[in-house]
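These notes concern the structure reproduced below.
Letters A, B, ... are given to chains in the order of the sequence lines, protein chains preceding strands, and every chain is numbered from 1. Predicted model, so just to flag it, every value in this text is computed and none were measured.
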Amino acid sequence: MTHYDHKSIEAKWQKHWATNKTFKATNNSDKPKFYALDMFPYPSGAGLHVGHPLGYIASDIVSRYKRHKGFNVLHPMGYDSFGLPAEQYAIQTGQHPAETTKTNIEGGTDKSGNKIAGYRNQMDRIGFSFDWDREVRTSSPDYYKYTQEIFIMLFDSWYDNDADKAQPISLLESRFRESGTNNINAATEEDLRHFTAAEWNAFTEKEQQEILLDYRLTFLADTEVNWCPALGTVLANDEIVNGVSERGGHPVVRKKMRQWMMRISAFAERLLTGLEGLDWAESIKEIQRNWIGKSVGAMVSFQLDSHKVDVFTTRPDTIYGVTFMTLAPEHELVDQITTAAQKDAVEAYKKATAARSERERMADVKTISGVFTGAYATHPLSSEPVPVWIGDYVLAGYGTGAVMAVPCGDERDYAFANYFAGQEGMPAIKNIFDGVDISEEAYGAKDKTPLCNSDFLNGMSYQTGAMAAAIEKLEEVGSGKGKTNYRLRDAVFSRQRYWGEPFPVYYKDGLPQMIDRKHLPIALPEVDEYLPTEDGAPPLGRATTWSWCTKENKVVSNDDDRDCVYPLELNTMPGWAGSSWYMFRYMDANNEDEMFSAAAQEYWNNVDLYIGGSEHATGHLLYSRFWVKLLHDLGKVTVEEPFQKMINQGMILGESAFVYRMVPMFECQKTKVSLGGTLGVNEFLFGNREVYISKDLIERDFVLDKSVKSVKDEDIYKHFYYSADLHKALDKSYFDDFKKKSEKSITKKSYDLITNPEKDFVLKYKFFPARVENNFLKNGNILKSEVIGVSKLLFADFEFYNQLTEIKCSFEVEKMSKSKYNVVSPDDICDQYGADTLRLYEMFLGPLEQAKPWNTAGITGVYGFMKKLWKLYHNDAGFSVSDEKASPDSMKTLHKTIKKVQDDIDNFSFNTSVSSFMIAVNELTQQKCNSREVLEPLAVLVSPYAPHIAEELWSLLGHNESISEAPFPVFDEKHLVESSKTYPISFNGKMKFTLDLPVDVSKDELEKMVLANEKVQQQLEGKQIRKTIIVPGKIVNFVVG
RNA sequence: GCUCGAGUGGUGGAAUUGGUAGACACGUUGGACUUAAAAUCCAAUGGGUAGUAAUGCCCGUACGGGUUCAAGUCCCGUCUCGAGUACCA
């Protein structure tokens, strides 16, 4: 084989790696360990496109590099295979999601006969060094039985704020037995009942269980949830984008439901502080910090008759500025405190608010609305009456759902007070800032300003301790205490879906009971349809065998009416359950006795390099940190953070091709009224065919309306263009002709209208963009007329503008997706250029973290490099490498490349090492180098990036072992040492020419040599040297004048 | 609105602690080989300008200032684009 044949080489080595299990990682080794992990893919039916493997290639390069560097590398892959798309497909086709998921992973044919390549096959073709023996799938019972076990662990735990860790619930029970709720500082809801040891011991079993439920880290609660009627399920906040569901874009409403919750809020502080030590992009940490949303302040109680209204404030020091209070319309006290006179107004407002969707409320921030309840609370310090309002700018879900309004220092309160100024219940704004004018706006910069009208706080400011003094006073009078609030809410954990982990829970007397761990997994039951039941129960409500027998300890038929049979939970777990702990399962993936052994976890510790998209910032990355902290507290793992170093790869964008459909219209120049389809203009001009035109021809032949300043590409169709020539031809005879030809479709009224010279109608065009499937393009951007007949996106009855047979498409960069017809499959690239070229090219596109458009045009350069690399080891007759010593130049090329590649991988700068490979191969070709001394280490150098060709060359070089563990070449400085250096010689900082000067001379000598130079003298002629800067090895600069 | 990030040739992008801006690749142009095409190889390629030429000169890293012998890099201000977030009391 003399030419580079990527197909046979790649097939050969992929098979070799698979049969020899080349990349199998061992759990005991003398080598240092390295764990590189990619974010769990969801195996969709659309398959991989070239954007997906980007991160996998990067982690694979690092993994292979670390093996060369002598590490024991764990580089696993698996599937987050529970999820909504498979379920929706199941609803549509009736196919079991397990089947479609299997097909999507392993390949096959879908229900409509489309061939599915399968994620696994697609990945195998790219030559990843995954240890496939450790593959996990979240939807496999062997895996999810441990997800169920972790749920039980959460149920069996409570959060002890004093120890600042999760503790077994048995510990809480024994403390209750001994001393009741005394000295218990647990993460729970506010205001739980207190009891003594004697009371506890007197409670019935059921009562005790009910109380414990309030403390558990996963608990049942009636919560207002985001209910999506179209999907028949509840969505988490991060599954809603702009008020509609992330998947499908369905509307979302609020509804109260009994749900399993996760007490992630107990971990808020640790999740926040834990971020500090992580080597993550600052932006991701910032997103998590915002999401956790810590604010320090105080709880303040206002007495209102027999009621107590609690508010949270970050500025208790402004307490004397309280002018009124506002409650969320949903606040539970509203009905009780509203006076008879205000009842109607309050009811009407509550109704109006409830009718507005969450989305409307969020979008409409500017409108101020609210109603006075008629009630007055008592100021805890001044005892003055404080009017109580309701308003939807106060969110029911944050803090206590009530605020003390301090208009002099808060913009929203100020706006509210001003809007209702003069009405009943809205007193004049109290100003507590000394010497500050608040007649125009609230005083935002209040931190340093001394307070006035504030009793004991007068003269103090926020910065000089007013806050602490206020809290102290409030505590003294029993009306408040210091408190830290978090925006982070407890996470809803129940989903009304089929394709997820079942809960290991049955219900006895309405109380949830955990099934013993030894009976897991509780396998997903079969159902006849994947939809909610008639009466609104989740899909599992359709299962006929879905009850738990406590005697036999197994799932039995619902018809079984023995006393020991209880109904099982009908909800399933959300998508993030399985992905929150999978990184540990990989450490010991085939363990049948436990989720992973302590020894395996201790050996692999945590993930050294995690690569994936930044879209998981508030979902997966936060929840898995939460679960790991729990596993840590319960002694299950030795680490508290799962992902030490993370890199977020940028999205690869697709280029969508467009042509434009011409739509002719008449427009009156005076009134700008346009008349289109009803006149039959299209029929007359184009014989009722669609006419397509390209953007360049629009720009060439049509003139944009003068009234339009500039047009963005995507807006091109919103404006009229007109053809200058056609405009000229629009005299009366044209319209007579028009009328004759299209008698039927033109009314007399329209005809009179457009032929009336005073009205001055002209012909104009709109251009509507039409997508073109990428595979119909020739030479990248040419659309030929013959392919339109088979296109799904363009009208079959068509012609091109001016009867052209082909036109040039224009492009827009968009997200790569099946629905946009701009997907490029890695399989096609592997066919045409090979996996090594694909790997190199994906890296060559630019920095890993940056989003970039995929443009196949540049790939030929990388393919050319592969061929040149191959040719270095071959002559016309075949493989040819000499054992002669390499030239110093070649050694220099080799060693500078070693250094560069090493530095680049350490900095995750993969694009620059591809360049340096190209430079090396270009130089070695130039030098006609074919010495083993250089070519052997070069193969190892290239191997992480282009492993197939490297293996092939390695074996041609006479090695029987795989290249994968060959030691990485050692960089030796001595090959780079030179006797001279090319100095840039500049004058006043501007480089004029370069000089080759010796390296090993002193600064003074250097200066003498430079000054002796003829060119330097020429430059200096007639000028004076003011200063000479010589930086040895860098630059020579003369300041002249 | 707030927070963060980014603006470099026709294109993707290089440029270590401030030290030769545009590496590498695509594209384009010209040439060699070929009946032709593909492939391959060679040369040129930021803009302007003077010269027959060798070779000069000027301008250039979004825009306006500043620090420095020297700024894509540091500082101040402005603009544009992208991402995240959104009544959080």
Let me know the distance between [atom1] of [X] and [atom2] of [N], rounded to the nearest Å.
| X | N | atom1 | atom2 | answer |
| --- | --- | --- | --- | --- |
| A:Asp310 | B:A89 | CG | C1' | 14 Å |
| A:Tyr841 | B:U11 | OH | P | 15 Å |
| A:Asn922 | B:C26 | CG | P | 10 Å |
| A:Glu411 | B:C2 | CD | C1' | 11 Å |
| A:Asp5 | B:A39 | CG | C1' | 16 Å |
| A:Met404 | B:C88 | CE | P | 15 Å |
| A:Met866 | B:U40 | CE | P | 14 Å |
| A:Met918 | B:C26 | CE | C1' | 10 Å |

Is A:Lys1034 side chain donor-acceptor paired with the B:U17 base, going by distance under 3.5 Å alone? yes

Does the gap between the ring centers of A:Phe416 and A:Phe324 come in under 6.0 Å? yes

Considering only the [atom1] atoms, how many Å lie between [N] and [M], rounded to the nearest integer?
| N | M | atom1 | value |
| --- | --- | --- | --- |
| B:C75 | B:U17 | P | 15 Å |
| B:U8 | B:G47 | C1' | 14 Å |
| B:U29 | B:A15 | P | 30 Å |
| B:G10 | B:G48 | P | 10 Å |
| B:A36 | B:U55 | P | 35 Å |
| B:C42 | B:C33 | C1' | 11 Å |
| B:C76 | B:C87 | P | 31 Å |
| B:G9 | B:C58 | P | 22 Å |

Per [X] side chain, nearest of listed nucleotides [options]:
| X | options | answer |
| --- | --- | --- |
| A:Val394 | B:A89, B:G19, B:A21 | B:A89 |
| A:Thr314 | B:U40, B:A89, B:U85 | B:A89 |
| A:Val1039 | B:G12, B:A89, B:C69 | B:C69 |
| A:Thr860 | B:C41, B:C88, B:C26 | B:C26 |
| A:Val403 | B:A89, B:C26, B:G19 | B:A89 |
| A:Leu845 | B:G12, B:A21, B:A89 | B:G12 |

Check every strand shown and say whether [X] touches a base, only sugar-phosphate, or nothing at a heavy-atom separation below 4.0 Å.
| X | value |
| --- | --- |
| A:Gln850 | sugar-phosphate |
| A:Ile1029 | base |
| A:Asn1037 | base |
| A:Asn911 | sugar-phosphate |
| A:Asn855 | nothing |
| A:Pro847 | sugar-phosphate |

Assigned chi class of B:G9 under the 90° convention is syn

Walking RNA chain B from its 5' end, the first of A:Asn988 and A:Ile859 to be reached, judged by nearest nucleotide, is A:Ile859

Closest-nucleotide 5' rank along RNA chain B - winner of A:Ser909 and A:Glu282: A:Glu282

Is a donor from one side chain sitting under 3.5 angstrom from an acceptor on the other, for [X] and [Y]?
| X | Y | value |
| --- | --- | --- |
| A:Glu269 | A:Tyr486 | yes |
| A:Gln288 | A:Thr618 | no |
| A:Ser915 | A:Thr912 | no |

Please state whether the phosphate of [N], meaning OP1 or OP2, lies under 4.0 angstrom from any side-chain nitrogen or oxygen of [X].
| X | N | value |
| --- | --- | --- |
| A:Ser295 | B:A89 | yes |
| A:Arg489 | B:C88 | no |
| A:Lys852 | B:G13 | no |
| A:Lys1027 | B:C69 | yes |

Which one is paired to [N], where only Watson-Crick or G-U wobble pairs with both distances under 3.5 angstrom count?
| N | answer |
| --- | --- |
| B:C57 | B:G48 |
| B:G1 | B:U85 |
| B:A70 | none |
| B:U20 | none |
| B:U34 | none |
| B:A62 | B:U78 |
| B:A39 | none |

Determine whether A:Ile264 and A:Leu271 satisfy the following criterion, side-chain contact (heavy atoms from CB on, under 4.5 Å), listing intermediate values before the conclusion. CA-CA 9 Å; A:Ile264 187 173; A:Leu271 288 169; 3.8 Å; yes

Whether A:Ser479 side chain and A:Val300 backbone form a donor-acceptor pair below 3.5 Å: no

So does A:Lys892 have more than 12 non-hydrogen atoms from other groups sitting under 6.0 Å from NZ? no

Hey, mind stepping through A:Tyr393 and A:Asp413 against side chain to side chain donor-acceptor pair (under 3.5 Å) and telling me if it holds? CA-CA 9 Å; A:Tyr393 81 97; A:Asp413 295 343; 2.9 Å; yes

Name the orientation class of the two ring planes belonging to A:Tyr841 and A:Phe844 (parallel below 30°, tilted from 30 to 60°, perpendicular beyond 60°). tilted

